[in-house]
Amino acid sequence: METKLPPYATTGERLWFYGFRVICGLIFFFLMAPILVVIPLSFNAENFFTFTPGMLALDPEAYSLRHYRDFLTNPDWQQALRNSLTIAPVATLLSVSLGTLAAIGLSQSHVPFKGAIMAILISPMIVPLIISAAGMYFFYSRVGLQGTYWGVVLAHAALGIPFVIITVTATLVGFDRSLTRAAASLGANPVTTFFRVQMPLILPGVISGGLFAFITSFDEVVVVIFVGSAQQQTLPWQMFTGLREQISPTILAVATILVVVSIGLLSVVEMLRRRSERLRGMSPG
């Protein structure tokens with residue numbers, strides 16, 4: 001996108017130049033306003049979901065950290081946080097391991113029906129979540145995984161694998177196959193070649209997919225309601241319960257924390273994407 005107009009631009013080009021920026025600004029506002037309005041409300045000193053007159057007048061007495069204290073001291077919220085922190089990392093590890101192997105396998109030229117296999121593997125991103133959750137519920141009930149820790153982990157891993165496959169596949173597009181052939185000609189076995197040659201170059205894509213898988217597992221609520229039990233009540237599930245049954249403003253504080261964490265993780269993903277492009281010579285260093 002051009003950053004400034006050339007001096008010979010016509011009237012139509014000037015209108016489009018400024019109009020395009022206004023449209024982008026409106027879209028950005030439409031996407032961000034619902035998120036940004038939650039942040040000041042999380043500091044509300046009262047148990048309200050709206051801005052009080054004191055908040056609108058910027059009265060310091062109208063702001064408080066009471067909802068953050070409730071999150072840090074309430075046993076229900078802390079148990080939900082522990083459940084999320086024990087489920088999401090394991091689900092992410094499974095997603096990264098299986099998704100990376102699948103992406104590398106599908107990148108081989110001799111694999112038949114690659115398009116169909118890829119469509120099946122990324123179908124959890126396309127199929128409505130409620131349908132996937134219902135299917136998992138009936139399947140896990142048959143095999144004895146419904147209501148168990150590993151049932152929730154496997155369900156979240158299935159949702160995270162498509163993100164890993166897509167990011168690793170994108171990284172493998174610019175991968176030079178002659179490097180693995182050179183390593184093999186020097187006597188390296190396939191495992192050594194993978195960890196010493198291929199993995200360092202595709203690592204940004206692997207980590208990016210892992211971060212997306214972690215966010216997906218950490219924020220997911222529909223599947224865990226179907227597949228999990230009260231012992232696997234995660235943080236989003238507790239937020240849903242707080243909104244539906246208790247009308248607890250603590251969910252605003254939790255939402256703010258999750259927004260900050262998500263921004264941090266997405267910043268890491270963007271840094272890894274730029275590093276991956278530099279390693280593949282697609283952008284200047």
Heavy-atom closest pair, residues [X] and [Y]:
X	Y	result
Ala133	Val222	CB-CG1, 4.1 Å
Ala91	Val153	CB-O, 3.7 Å
Pro34	Phe30	CD-O, 3.4 Å
Ser84	Pro89	O-CD, 3.9 Å
Met55	Pro40	CE-O, 3.3 Å
Gly228	Val152	CA-CG2, 3.6 Å

Query - Sequence neighbours excluded - side-chain hydrogen bond (donor to acceptor under 3.5 Å, both in side chains) pairs with any residue from residues 192-212 - result: Asn189-Thr192
Just checking [X]: does its [atom1] atom have more than 12 heavy atoms from other residues, nucleotides or ligands closer to it than 6.0 angstrom?
X	atom1	value
Phe214	CZ	yes
Gln108	CD	yes
Phe139	CZ	no
Phe218	CZ	yes

Same cluster (ILVMFWY, side-chain, under 4.5 Å), [X] and [Y]:
X	Y	value
Phe28	Val38	yes
Val260	Ile35	no
Leu186	Phe195	no
Leu85	Val90	no
Val22	Leu15	no

Side chains of [X] and [Y] in contact at under 4.5 Å (non-hydrogen atoms):
X	Y	value
Tyr140	Thr148	no
Leu154	Leu94	yes
Thr216	His156	no
Phe163	Ile215	no
Leu159	Met125	no
Glu13	Thr10	yes
Ile251	Trp77	yes
Arg69	Ser64	yes

Requested in this report: Apply side-chain hydrogen bond (donor to acceptor under 3.5 Å, both in side chains) to Glu220 and Ser217, showing your working.
Outcome: CA-CA 5 Å; Glu220 201 285 325; Ser217 174; over 6 Å; no
Rounded to the nearest 0.5 Å, what's the gap from [atom1] on [X] to [atom2] on [Y]? Could you check?
X	Y	atom1	atom2	answer
Asn83	Gln238	CG	CD	10.0 Å
Ile166	Met118	CD1	CE	7.5 Å
Phe51	Leu41	CZ	CG	4.0 Å
Tyr63	Ser42	OH	OG	10.5 Å
Thr52	Glu61	OG1	CD	11.5 Å
Thr167	Ile207	OG1	CD1	10.5 Å

Query - Distance-only side-chain donor-acceptor flag, Asn74 / Gln78, under 3.5 Å - result: no
Query raised in the report: Can the ring centroids of Phe43 and Tyr68 be said to lie less than 6.0 angstrom from one another?
Result: yes
Query raised in the report: Yes or no on side chain to side chain contact (heavy atoms under 4.5 Å, CB included) for Val164 and Val206, after CA distance, side-chain angles and deciding distance?
Result: CA-CA 6 Å; Val164 179; Val206 174; 5.6 Å; no
In residues 97-106, what donor-acceptor pairs under 3.5 Å come from side-chain atoms, sequence neighbours left out?
residue	atom	partner	partner atom	Å
Ser97	OG	Leu93	O	2.9
Thr100	OG1	Val96	O	2.6

Report task. Applying side-chain contact (heavy atoms from CB on, under 4.5 Å), name anything that partners Phe240, two or more places apart in sequence or on another chain. Result -> Val221, Ile225, Arg244
Query raised in the report: Would you call the rings of Tyr137 and Phe226 parallel, tilted or perpendicular, where under 30° means parallel and over 60° means perpendicular?
Result: perpendicular
Report task. Evaluate the ring planes of Phe20 and Trp16, with Trp represented by its six-membered ring, and classify them as parallel (under 30°), tilted (30 to 60°) or perpendicular (over 60°). Result -> tilted
**Report entry** Lys/Arg cation over aromatic Phe17: Arg21, 6.0 Å, 45° cone
**Finding:** yes
Query raised in the report: Between the main-chain N or O of Leu252 and the side-chain N or O of His67, is there a donor-acceptor pair closer than 3.5 Å?
Result: no
Query - Verdict with reasoning, Thr250 to Asp70, per side-chain hydrogen bond (donor to acceptor under 3.5 Å, both in side chains) - result: CA-CA 7 Å; Thr250 305; Asp70 181 53; 2.5 Å; yes
